[in-house]
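Numbered from 1 within each chain, the chains take letters A, B, ... in sequence-line order. Fair warning: this is a prediction, and the values are worked out from it, not measured in the lab.
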Amino acid sequence: MPRLRFAPSPTGYLHVGGARTALFNWLYARRHGGTFILRIEDTDVERNQPEMVTGILDGLRWLGIDWDEGPDVGGPHAPYFQSQRLERYRAAARELVANGHAFEDEGAIRFKVPPGKTSFTDSVHGPIEFDNEHIENFVILRSDTHPTYHLSVVVDDIDMDVTHVVRGDDHISNTPKQVLLYHAFGKTPPSFAHVPLIMGADKQRLSKRHGATSVMEYEKQGYLPEAMFNFLSLLGWGTGSNDELFTKDELIQRFNLEGISGGNAVFNTEKLDWFNHRHLLRLTDQELVARLKGLEGLDGLEGLKDLSKVLSLLRPRCKKLTDFPDQLRPFFVDPTEYDAEGVKKHLSAPEMPDHLNALRDVYATVSPFDEATLEQTLRSLADSRGIKAGALIHGTRLAMTGRMVSPGLFEMLVLLGRERVIARLARFVSTLKK
RNA sequence: GUCCCCGUCGUCCAGAGGCCCAGGACGUGGCCCUUUCAAGGCUAAAACACGGGUUCGAAUCCCGUCGGGGACGCCA
């Protein structure tokens, strides 16, 4: 059974690049019934920020990536924090010195790179070969007796029986050093898959100046984890088909290392938005309400009359969760202000208040109070008064929402109910007369 | 500078010698629907970096050039 790991160092939040790497590892492990390990590489005392561990864990959990071994859950190879395994690395370094594979140098221990070539087969890039003369005798144990990255990953990956290393492209040139270490320890290297990096719109490596790069930032902005998951998994990987909209399970079924592309991928927020919209549409009402919980201005959402109908009216108009509060407003409170431009555009005719009054009168008694009847009523009223139905519709929309844009008017009227419709019309007319 | 990776529409992905005068998606334009805004339907524009080979035949293989990215730390 394959064993894979995601090994972040807690020097910052979980960014989309790291998340994508974790995702591929997880997908592969789940696809093949393997094990997914989370290991914290916190050997750099200087840059390490312990509080970031929580941030990274939260990011993974939000995406729905769980781990079989690692922090919180433990496992047969605990501890999963490198800072707690220092003795192991020191022993390993001593072993290499004893073997003649490493030597002391100003208090540090360096690996003795042998002459020749070092090669490995990458699942994404195929065979890759480096001439050892381009590899310096690299440090494996610092003079403060902390291990360097190369030593700790290799020792841990050996100890933890890691079979597949899936990581960012930027590690390709580190790989020969690590392969050399495996050989020095008398072990066979795992298989490697180096996935392309995620770039910003300017094709530069993703960084703060590209705006949101933290996974949790996307949660704040109203993105769904399943949408982010779907989007990220298809950044640098293709299923081979033309379909793109997938659930997590579908992605697991399809995932394979061979489908990972060799070139860098640009993070396209517009496409993320589209994925989010589509996944939003797939949510049941219950799920949607649960996701919406906690957003400002949505107190009492669950008790809203005809909630399900209201939501289906708004769904096509929302890309993100954060779009809902604003769209939902008219269903919670009467408008207190009316779009000035809209009033000017649609209510400038002096007889408009009268028309709206007349509409209010018929709406007060019309029955049934349903879409078809309301529309018919409005249209024949407009007819008899010699005005366009559109004029009355726009005016009524302003009265109901205070705005120029809204979902379909008649659908809204029904959901608002006779009382509110009448009251809002009356209020709007009195405002107009002032 | 040295080494490594990569190079198909603006972007993501398909294409693993003839099925490709290159396909899907996002975005963009147009049309339809329509009470506004969305959504939806239809449709259009849009790419094999360049130059040499190999081959009856190349987006697909080889070489070179150019371009992009990455690595060259007692960071990970």
Members of residues 369-404 of chain A that approach RNA chain B, where some heavy atom sits under 4.0 Å away: A/Arg379, A/Ile393, A/His394, A/Arg397, A/Met404

Side-chain donor-acceptor pair present, A/Thr175, A/His194, cut-off under 3.5 Å: yes

Complement of B/rG29, any strand, by Watson-Crick or G-U distances under 3.5 angstrom: B/rU43

Charged N-O contact under 4.0 Å between A/Asp249 and A/Arg30: no

Sugar-phosphate, base or nothing in reach of A/Pro407, heavy atoms under 4.0 Å: base

Atom-to-atom span, CZ of A/Phe130 to C1' of B/rG70 - whole angstrom: 10 Å

Interatomic distance at P, B/rG69 relative to B/rG27, whole Å: 27 Å

Separation of the C1' atoms in B/rC75 and B/rA58, to the nearest angstrom: 45 Å

Side-chain H-bond candidate by donor/acceptor type, A/His171 with A/Tyr149, under 3.5 Å: yes

Where protein sits on nucleotides 10-23 of chain B, one letter per nucleotide: B base, S sugar-phosphate only, - none, heavy atoms under 4.0 Å: -SBSS--------B

A/Tyr218-A/Phe267 aromatic ring centre distance below 6.0 Å: yes

Contact state string [nucleotides 44-51 of chain B, B base, S sugar-phosphate only, - no protein heavy atom under 4.0 Å]: --------

No-hydrogen, no-angle side-chain donor-acceptor test under 3.5 Å, A/Asp156 and A/His77: no

A/Phe231 and A/Tyr223 aromatic centres sub-6.0 Å: no

Value rounded to 0.5 Å, distance of CG in A/Leu381 from CZ in A/Arg385: 6.0 Å

Distance, rounded to the nearest Å, where A/Trp274 contributes CH2 and B/rG24 contributes C1': 10 Å

Pairwise C1' distance, B/rC21 and B/rG68 [rounded to whole Å]: 29 Å

Complementary nucleotide of B/rU34, counting Watson-Crick and G-U pairs under 3.5 Å: none

Inter-residue atom distance A/Leu23.CG - A/Trp237.CH2, 0.5 Å rounding: 9.5 Å

Charged tip of A/Lys248 within 45° of A/Phe229 ring normal and under 6.0 Å: yes

Identity of whatever pairs with B/rA16 - Watson-Crick or G-U, under 3.5 angstrom: none

Inter-nucleotide P distance (B/rC74, B/rG52), Å rounded: 47 Å

What N/O pairs connect the protein and nucleotides 72-76 of chain B at under 3.5 Å? Give each pair on its own line.
unit_1, atom_1, unit_2, atom_2, d
B/rC74, O2, A/Ser143, N, 2.7
B/rC74, O2, A/Ser143, OG, 2.9
B/rC74, N3, A/Ser143, OG, 3.2
B/rC74, N4, A/Glu106, O, 3.2
B/rC75, OP2, A/Arg142, NE, 2.7
B/rC75, OP2, A/Arg142, NH1, 2.9
B/rC75, O2', A/Asp44, OD2, 2.5
B/rC75, O2', A/Arg47, NE, 3.4
B/rC75, O2', A/Arg47, NH2, 3.4
B/rC75, O2, A/Arg47, NH2, 3.0
B/rA76, OP1, A/Thr43, OG1, 2.9
B/rA76, OP1, A/Arg142, NH2, 2.4
B/rA76, OP2, A/Tyr149, N, 2.8
B/rA76, O3', A/Glu41, OE1, 3.2
B/rA76, O2', A/Ser9, OG, 2.8
B/rA76, N6, A/Asn174, OD1, 3.1
B/rA76, N6, A/Asn174, ND2, 3.4
B/rA76, N1, A/Asn174, OD1, 3.3

Between B/rG67 (P) and A/Asp202 (CG): distance, integer Å: 19 Å

For B/rC66, the Watson-Crick or wobble counterpart (both distances under 3.5 Å): B/rG7

Residue pair A/Asp370 / A/Thr373, side-chain donor-acceptor N/O under 3.5 Å: yes

Distance in angstrom units between A/Ile128 CD1 and B/rG69 P, rounded: 19 Å

Rounded distance in Å between the C1' positions of B/rC19 and B/rA46: 24 Å

Ring centres under 6.0 angstrom apart (A/Tyr338, A/Phe428): yes

N or O in side chain of A/Arg205 less than 4.0 angstrom from B/rA71 OP1/OP2: yes

Straight-line distance of A/Ile252 CD1 to A/Tyr28 OH, nearest 0.5 Å: 14.0 Å

For RNA chain B, the residues among residues 306-327 of chain A that have a non-hydrogen atom under 4.0 Å from it: A/Pro316, A/Arg317

Any side-chain donor near an acceptor of the partner, A/Arg90 and A/Thr145, under 3.5 Å: yes

Step-by-step salt bridge (charged side-chain N to carboxylate O under 4.0 Å, His left out) determination, A/Asp334 to A/Arg424: CA-CA 7 Å; A/Asp334 296 336; A/Arg424 288 185 190 187; 2.7 Å; yes

Residue whose closest nucleotide on RNA chain B lies nearer the 5' end, A/Gly126 versus A/Leu281: A/Gly126

More than 12 heavy atoms from other groups under 6.0 Å of CD on A/Glu106: no

Base partner of B/rG1, which must satisfy Watson-Crick or wobble distances under 3.5 Å: B/rC72

Sugar-phosphate, base or nothing in reach of A/Arg278, heavy atoms under 4.0 Å: sugar-phosphate

Flag if over 12 foreign heavy atoms under 6.0 Å of NZ, A/Lys320: yes

Whole-Å distance separating the CD atom of A/Glu411 from the P atom of B/rC37: 15 Å

Sole residue of A/Asn48, A/Thr54, A/Asp44 in side-chain contact (heavy atoms from CB on, under 4.5 Å) with A/Pro10: A/Asn48

Pairwise C1' distance for B/rG24 and B/rU43, with rounding to whole Å: 16 Å

A/Thr163 versus A/Arg3, side-chain donor and acceptor atoms under 3.5 Å: no

Ring centres under 6.0 angstrom apart (A/Trp67, A/Tyr80): no

Atom-to-atom span, NE2 of A/His194 to C1' of B/rA71 - whole angstrom: 11 Å

Atom pair NZ/OH of A/Lys187 and A/Tyr182 - distance to nearest 0.5 Å: 10.5 Å

Residues within residues 328-348 of chain A bordering RNA chain B, heavy-atom distance below 4.0 Å: none

No-hydrogen, no-angle side-chain donor-acceptor test under 3.5 Å, A/Ser406 and A/Arg317: no

Spacing between A/Ile198 atom CD1 and B/rC6 atom P, to the nearest angstrom: 18 Å

Between B/rC37 (P) and A/His277 (NE2): distance, integer Å: 16 Å

